[in-house]
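Model, not experiment: these values are computed from the prediction.
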Amino acid sequence: RHLDHGGVAERCAEASNRGAAILSYLGEQVPLIYCLETEPQQGEEEQKVEQHLLYPLECFLFGEEPCVGLEKLQQYNSSSSAQQCGRVFKEGETVYTCRDCAIDPTCVLCIECFQKSVHKSHRYKMHASAGGGFCDCGDLEAWKSGPCCSQHDPGTSVTMETVQFIFSYRYMLVWEETYELSEELKPKVKEDAYFCVLYNDEHHSYDHVIYTLQRAIACDQNQAQIYTALIDKEGRKAVKRGTLRSCQQAKDNIRRNSEHIIQIPLRVEILHTAVMAHQTFALRLGAWFQKIIGYLVGLREVFCQVALEPAADNDQLCLISRLMLHDAKLYKGARKVVHELIFSSLLMDTEFKRQFAMKFTAHYKQLQEDFISDDHQRNISVTALSVQIFTVPTLARQLIEEGSVIKVIIDTVMDMMSAHLDSNNRFQFQGHNPDKFFRVQVIFHDLRYILISKPSVWTETLRVKFLEGLRVFLRFLCCMQGMEEVKRQLGQHVEVEPEWEAGFTLQMQLRHILTMFQDWCSSDERVLLLAFQECHRALMSCTNQPFRREPTDSYMCKQILHARLYKVSQEPVSIHLPISRLLAGLYVQLCQTGAIQYLPDFVDPLNFTELAEQPLRCVVLAAQVCADMWRRNGLSLVSQVSVTNSTFSLVKKRKITKNMKVEFELFDIFNGNSSSKDQVSERSFSKTDQYMLTEEMLYLIIIIVGERYVPGISHVTKEDVTMREVIHLLCIQPMAHSSLVKSLPENVRIVFLLCCVLCFIVSFLCCVCCVLFCQALLEEKTQLESSSTEEVTFDFSLKAQRGNGTDSNTEGLSRNASMTLRCLKSVVSAQSVQDKEKAERKRKAEAAKAHRQKIMAQMSAMQKNFIESNKMLYDNVPESSSQSDTAASVDSRVAVGPQQGVCSTDWEAQICILCQEEQEVQAQAPAMVLTACVQRSTVLTQNRGKTLSPKGSYPLFMPPDLAVGTHTGSCGHVMHATCWQKYFEAVQNTTRNRLHADLIIDLENGEYMCPLCKSLCNTVIPLIPVEPSNLLIDVVFLSFFLSFASYLHSIACSLFFSRSITEMLGVCATTVHRVGLQTAPNDLCPYMPVMSWNTCAYTIQAIENMLQEEGKPLFGSLQNRQLSGLKALVQFSAAQRLKSSQAVVQKHFADMLAVLVPVPNVENTPSILEVDFFHLLVGLVLSIPALYQEEAVDLQPSAVSTAYNHLYLLHLLTMTHMLQVLLASHGLGEVFLLRSLIVSLFLRLRAGVTGFCVEGVKRGVLPFLRCAALFFNCLTGVPPPEELSGTLHLLCSYLSLPSNLFQLFQDHRDVVTTLIKRYKSDAISHLVFRYPHKKNRLIDLPEDYSVLLNQASHFKCPNSSDDERKHPTLCLLCGVMLCAQSPCCQEQLNGEDVGACTAHAAICGAGVGMFLRVRECEIILMASKTRGSPYPAPYLDDYGETDPQLGRGNPLHLCPERYRKLFHMWQQHCVLEEIARSLELLNVMFPFEWQML
């Protein structure tokens, strides 16, 4: 800490007027620190504030060094925290409430208190806070049990002696928006320096403000965006600093330009720099003071006393009242500081909270008027504090008794809505202001807060005040009773539909309040009776009730009906009947509590016919609307009637039936006076109308006379009502638990009731199934006992379907189990289909085997004939070569070398999915193509975050870390090339006219959807016929003359394809090159064939990795579409040499070969530790045929040459890769010369493998051999042995390698000795990766979702220090937590501003991203800067449902199956496909800016 400058604290303490002394010091120092420039340096400014302002104030406060004073204060505390937490929530922060223990849903805990409380094991709910509330931990009235966590438990702290400090801070807390400063704060020399300050409002959009600033103060767009973001965040921003004249000019420009957009100009003020400085410091002082009063409860109490202390001048209000009344004049940032100060002080103590609540209630009307005239949201208004006050049960009782809070709230609403009363004293909302009306409706939330907890004990004062509030509420309902009457439109259709949303919304708001009033009344018998009396009196006093109309007599069925006739089809009728609803609800409560017997003492005998008159009209109106009799009134009436329900709880059955016939206007029909010959007029009903009205009337009679599932009316409980509703809903359609909850009526105990009901229903269904299965098993036992096994004719599905047992109960259960039988039949049917498919596959396999044996027999005969006719050639063969070796079996399952088997799996005849025509795959035939998708991938990366560029050895040499690869996948659907071209042109023409089609497919990059399966594609792969091998000459003879050494010294086909195949080869190669290198299409680029080889190698490695991860065998596990796509890709890559220049391919071959053997004129080749050997194998194998080509002669290597080329290349690469594995296993450093280690390893290899980790080498080289087996299988078409399962021994046999791989070094020791000279001088300067590579997976997620929420609550944005709501987003690929959708973390990507997630996905996933938005519980899939889609999170509640946006707030737990599905989607490169399909299903009207995520 710095020393106190000049003894400021001492001088202020010794001054006669300490407040004036402090203000004088602030008036001198504050302008020297704040507002010296428009864009201050935050760090330097904060340091000066701490040193020159806050430190002297702390010294004055404690009377000594702050650290010493704090230590003394801590001696009075055994704990650093008080008994109540009081943590103020920020917007978006996760909060918890306990369904079992919370008094009401507004009682919440912060995440720290929740983790340390007993509620963690209860049925809790979590949701995101809207900001402004605080933690209720320690509040005894908020919880039924467990009010304190372990940290705030009062039993663990010692009672604290309160230390009182006499001081006054009222001058520091004065917050006035004024241009004049007090004498103490005025600067000695007033400079001509002012600020033009722009304030936030809700009338202008972001774009409007940005446009205005660009035109008014001549700033660029980026600066205008920064200003606009700060204005929206803080509430204001100084946009210009200068003289008074220049600021006034800027103000006029801003107002003038903003008025051009909308009629309301932006709020702009000109403030002197000194005024601006003091207001800025006052904002900082609020946060500092909040920290100070948190040191000790005594400090907080002193502050509360000063804030609530009555002013010396009786004409002025107390300090806290002045702050509340000035709230609407403050800007957003100042409001937040004031509210947080109130939270941390006045609301932390029960007594001070009561006093503050009384002040709040006293100023309630004025505060609500200011809020309605304001344009800011409620969460930053002081009126939002009502939820912290009115929801406390004891405080609510006190406010009703002492402050008449119910009357105050209703009077406030009546005063604000009095302008909408008509001449009949009823509301009429035509031409109302929607924004103002919405703000008025918010006041009803406060009434719900007051009534949220009904009292268990009533006092006489509480009864009087509650009934007083009820009378005021009934006067308000009288203005709604019968409002906005409608009359049936005849003749012409209504031209303009009347305004109905306002009144209907008001009625829906009051629905819950009416229920709450009924619950309050039901808790006290006398209150219930008096409330019914008042409600009945209010209903009878309504001026629009036609009770005084004279009744008439009507005759029907020899009976007289004495009633007042009212025709709904001809006279006005209203659906707004709140008093009738309230009266019916109170009557039900009277029946339930038994107080109905005392009702005659309070109310005269009820005329039930008159009371049911208005509800009956509503029912008749609904029936006539259903009969389309009111269609000329428009759709507004239909919308209201569809959700309006009326109740007849107090109607006597015998009196209502006759009235129905009159109200439904069916009296003449039932009386027989209606004739079919009567002329049908507009006022009369058609036959169809009569039938529909009769049906509706009969249905209503059934409801009234029959079952009425209402507790208190019928002998049913709430459980019975819930069960009935659930059964009816489930009979309509299957529904999830959340859908059931939404469909059921709202009730406090609905979740508990629903759980009990569902358990019973599930138990019942289980019993049904058990009985059926037991019956089936009993019959099977009977047949087995009475007959032999062969004679048993047991068929469970048939028996269950017959259902002709002797037991009637069993028959009923069988009928109820029809769904189970259908499921059983579907399983049996599916099993039979699977059996048929299995038999068909077996038949094809046997046919292929027979065909193969026939070919082998023919080849064997031809070989014998060749040997007989060329006996002289075999005379010089050494005797060591036995006759059995020379006559090797032609039925060989070897894919490489002279023992190579015969290709038996060429392309079958293909059917185009577009034209349905069949065609053979031939070289000179028109091209057949497979749909394919090329994308960059990091699935196999060993160095996540590394990027590759073609400036170095890449793409010719893939680094061993496989940082970024190019994957090509196919859905396996075949088309003619011409059909595909026509389809693609049609897609381009139709998609350009579709709304937001660019979000689904990118036409510029050649994307389209597969016509059959709708998979995302961006190219096609031509089908190339597999070239058959012909090894009918004596391979042993050639092997004698062509050895491995001579092969290395002698290393120095062509097929002609049709024009369409050649064209498709170019299309696919161009796409692979463009996507893989992220460059523009360039057919002349020398890396065109290299990228084709690379995507072939990477795709094979990805498939091998997937099979290894899933534990599946190498062959026989892939689907046919995957095999077809892989085979087509390999053949396409092999044919690329024909599309490229021979000189280019030959140079690539020489450069790649230089890694293994010395090649003249090739320099700067990478070492053997800097390349991936499978990519090198694919490149060498596919490029070596180019050595046989010359400029004038196009040659093709023979089958024997090709076989030995493949064999020796594989041997050479296998030995070098083994050496690579051995070197990597020794843990090389960053810079290491290989010479000594290679020589040492080679000497040991020649002597034997003793001392080496043989198993480690085998494990390291196994993935390479598995990939090589897949590659040569697709290249040569030789089928693998049937028993091949991927083990090393069988793989070596299939690849013509010795079972002991170390034998290669012994067999070729002379050649390998010369190659050591090539390796030993290499130097490396990079990280060495061990083999086999680690398997990449998604990060491990916690089982409990609250753990993630806890991590998100501690997340701090690395680029921002404010407390604004952030969107912590977790990358599932690497585990990094990012700040999404925030301008503070935007980055530049290819010259464009993008969000943190987009920038991270470009590096971490090569453009593909998987992110978990923690506070929204939602997965985000990203494929590029402009495309993405939401995906369900792998967290489920106890009912097996996801909870996006934490809407239900149930506890969530990780579902391993869903997370595994998400992993497979990423591993199999299906993210792009999932995004495209989800966007195809969604009707995107307003696209989301994914690049800003």
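- Considering every non-hydrogen atom in both H576 and S574, the closest pair reads N-OG, 3.1 Å.
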>> Quick one, H536 with L611, criterion side chain to side chain contact (heavy atoms under 4.5 Å, CB included). Give me CA distance, side-chain angles, the key distance, then yes/no.
In response: CA-CA 9 Å; H536 181 263; L611 296 180; 4.2 Å; yes
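- Looking at heavy atoms from C-beta onward, F473 lies in side-chain contact with L510 at the 4.5 angstrom threshold.
- Atom OG of S522 and atom CD of Q589 lie 4.5 Å apart (nearest 0.5 Å).
- In this structure the side chain of H119 never reaches within 4.5 angstrom of the side chain of Y124, judged on heavy atoms.
- Under a 3.5 Å cut-off, the side chain of E1441 and the backbone N or O of H737 do form a donor-acceptor pair.
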> So L590 and F532, side chain to side chain contact (heavy atoms under 4.5 Å, CB included) or not? Walk me through it.
Replying inline: CA-CA 9 Å; L590 287 172; F532 187 89; 3.8 Å; yes
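- Side-chain N or O atoms of R99 include none that pairs as donor or acceptor with a backbone N or O of K125 at under 3.5 Å.
- Heavy atoms only, all atoms of each residue included: P1342 and L1454 are closest at O-CB, 3.8 Å.
- Distance alone, capped at 3.5 Å, places no donor-acceptor pair between the S1429 side chain and the S1478 backbone.
- Partner Y1435 forms a side chain to side chain contact (heavy atoms under 4.5 Å, CB included) with one of T1442, D1344, D1443, L1348 and no other, that one being L1348.
- Contact of the L109 side chain with the W143 side chain is registered, since non-hydrogen atoms from C-beta on lie closer than 4.5 Å.
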>> Using side chain to side chain contact (heavy atoms under 4.5 Å, CB included), reason through L586 and C521 one step at a time and then give a plain yes or no.
In response: CA-CA 8 Å; L586 293 176; C521 295; 4.0 Å; yes
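- Note that CG of L1341 and NE2 of H1453 are 14.5 Å apart. Values are rounded to the nearest 0.5 Å.
- At distances below 3.5 Å, at least one donor-acceptor pair connects side-chain atoms of Y1345 with backbone N or O atoms of V1414.
- With hydrogens and angles disregarded, a donor-acceptor distance shorter than 3.5 Å links the side chain of T97 to the backbone of C107.
- Of the charged side-chain nitrogens involved, at least one lies within less than 4.0 Å of a carboxylate oxygen, so that R617 and E613 count as a salt-bridged pair.
- With values rounded to the nearest 0.5 angstrom, I452 atom CD1 is found 10.5 Å from I103 atom CD1.
- The pair R123-D100 meets the salt-bridge criterion, since a charged nitrogen lies less than 4.0 angstrom from a carboxylate oxygen.
- Here CD of Q507 is found 11.5 Å from CH2 of W500. Values are rounded to the nearest 0.5 Å.
- Between L1436 and L1452 there is no side-chain heavy-atom pair separated by less than 4.5 Å.
- Remark: side-chain polar atoms of T505 are paired, donor with acceptor, to backbone N or O of E501 under 3.5 angstrom.
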> Given E1416 and L1446, is the side chain to side chain contact (heavy atoms under 4.5 Å, CB included) satisfied, shown in steps?
Replying inline: CA-CA 6 Å; E1416 289 79 11; L1446 297 180; over 6 Å; no
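- Checked by atom type, the side-chain pair S580/Q481 shows a donor-acceptor distance below 3.5 Å.
- Between the CG atom in D446 and the CG atom in L451 there is a gap of 11.0 Å [rounded to 0.5 Å].
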